[in-house]
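The structure under discussion appears below in the form of structure tokens.
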Amino acid sequence: MMESDKSKRNRRRKAGAARREKGKRQGRGAEVFVPTDPTTVIARLEARAETSLLRRHPWVFRSAIKEIQGHPEQGATIELVGPEGEWLARGAWSAESQIAVRVWTFDSDEVVDREFFRSRLDAAIRVRSAYFDVDLERAGRLVNAESDGLPGVVIDRYADCLVCQFLTAGAEAWRGPIVEELQELLPAISSIYERSDVDVREKEGLPQRTGLLAGSEPPQTIQIVENGYRLQVDVRNGHKTGFYLDQRGNRAAVADLASGRDVLNCFSYTGGFGVAAMRGGAARVINVDASAPALELARQHAQLNELDMERMEFVEADVFKFLRGCRDARREFDLIILDPPKFAANRNQIDQACRGYKDINLLAFKLLRPGGLLVTYSCSGHIGRDLFQKVVADAALDARRNAVILEWLSQADDHSCNLAFPEGFYLKGLVCRVDA
Ligand code: SAH
């Protein structure tokens, strides 16, 4: 249930009144923030460092902080003020990460308490009905961290199971209340499971953690429906929260392109793109992945969807080697999908990642028959669209293929990216057609 507008107004009025009582001194044009509560922690920013907060970007780097009044605990809510002492935002303190504060609110009247989380969660969940149909598809992203005003909080739904990731100190501090609010907001949910086994937690000084948070243990696999085909998700062991939900729309795009084509699905994982291609009428699909368990699930997905196994292959191999082998054997395909894991985990890895992208794209271009299609992705947030397009262009050049861009693809709608937070946009896909 959403907090009523009236109670929200009252709460805000109270918060506003409390601050007015505090009294405010006038700084040079800006109102200086003076807390009534002496335990309030205030971080004052360096000159000009406030610009990004004024643009509502929710991160404050440690280097942007001039001084801190007080001793914040890991995950505590602190106030951010500008160089003149003017109030800017309220956010969660991370003691270890380079991102020292992540903003919960830019509204000085908004109190960060349990109600705050309830209303943010509720708002995020409500908009999702426009993106996916829980009854029909059963799966989708409910909360997308910063882009939903909840830094560090990711919540995916798989049928009656929610899978949560708490990625930051602030998210960790509110983990209990968030889980309790989820139970109230979504009473039909029977299990809430945690998959905070993500590297970024280490940057926050947090251990990785998985396990049941509420309700009953989720089943071994949960069946979901994507673009009309069925898929099984293992929320305990699957990648991310169990599945790559961010590629839902892009698998539909591949289905539309696949008719009559000989398809090579590289980095297939559990075969989502392969199933989509077969459903779209592909002549053949070869799924290639380095993981045997993922390929076993891909095989099961083919059976579950009653696909013609005679026209499908599942190859356990390193894609780089496999593509070279195909080149040497002069094998050809009409549609090649490249959906590799994140090659650049940080800025320092950008060059190396570009070499990796160029390598596989170059080989793929060489393997395409005249008029063939390349559907190529990068999920590295550090590699922007322009750079990715340049790398793919370089690959085509070196492969001596002329190609046109048919379409740009990106992450599914429920993985929405807030305009103020461009880092939230990470998945880029390019559909190219080589000359006939
Ligand atoms: N396309 C998939 C998601 C791919 S995730 C989907 O739609 O669900 C990346 C996959 O690449 C993982 O399954 C991982 O096992 C595989 N992988 C990573 N490096 C690889 C390599 N060098 N060769 C083959 N597979 C690799």
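Note that the numbering runs from 1 along the sequence shown for the chain. Order of appearance sets the numbers: ligands from 1, and atoms from 1 within every ligand.
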Under the ring pair (Phe, Tyr, Trp, His ring centres under 6.0 Å) test, which residues partner Phe117, sequence neighbours left out?
Trp104, Trp174

Run the salt-bridge test on Arg324 and Asp359 with the 4.0 Å N-O cut-off and return the result as yes or no.
yes

Residues Glu67 and Arg44 bridged, charged N to O under 4.0 Å:
yes

Which pairs of donor and acceptor atoms, one on a side chain in residues 429-436, lie under 3.5 Å apart (sequence neighbours left out)?
unit_1: Asp435; atom_1: OD1; unit_2: Asn402; atom_2: ND2; d: 3.4
unit_1: Asp435; atom_1: OD2; unit_2: Asn402; atom_2: ND2; d: 3.0

Dump the pairs for me: ligand 1 N or O, protein N or O, distance under 3.5 Å, to 0.1 Å.
unit_1: ligand 1; atom_1: 1 (N); unit_2: Phe267; atom_2: O; d: 3.0
unit_1: ligand 1; atom_1: 1 (N); unit_2: Asp339; atom_2: OD2; d: 2.6
unit_1: ligand 1; atom_1: 7 (O); unit_2: Arg251; atom_2: NE; d: 3.2
unit_1: ligand 1; atom_1: 7 (O); unit_2: Arg251; atom_2: NH2; d: 2.9
unit_1: ligand 1; atom_1: 8 (O); unit_2: Arg251; atom_2: NH2; d: 3.2
unit_1: ligand 1; atom_1: 13 (O); unit_2: Asp289; atom_2: OD1; d: 3.3
unit_1: ligand 1; atom_1: 13 (O); unit_2: Asp289; atom_2: OD2; d: 2.7
unit_1: ligand 1; atom_1: 15 (O); unit_2: Asp289; atom_2: OD1; d: 2.7
unit_1: ligand 1; atom_1: 22 (N); unit_2: Asp318; atom_2: OD1; d: 2.9
unit_1: ligand 1; atom_1: 23 (N); unit_2: Val319; atom_2: N; d: 2.9
unit_1: ligand 1; atom_1: 25 (N); unit_2: Ala290; atom_2: N; d: 3.0

Write out all pairs satisfying side-chain hydrogen bond (donor to acceptor under 3.5 Å, both in side chains) with one or both partners inside residues 307-316, taking only residues at least two apart or from two chains.
Arg284-Glu313, Asp308-Arg311

Quick check: Tyr357 with Phe343 (ring centres under 6.0 Å apart)?
yes

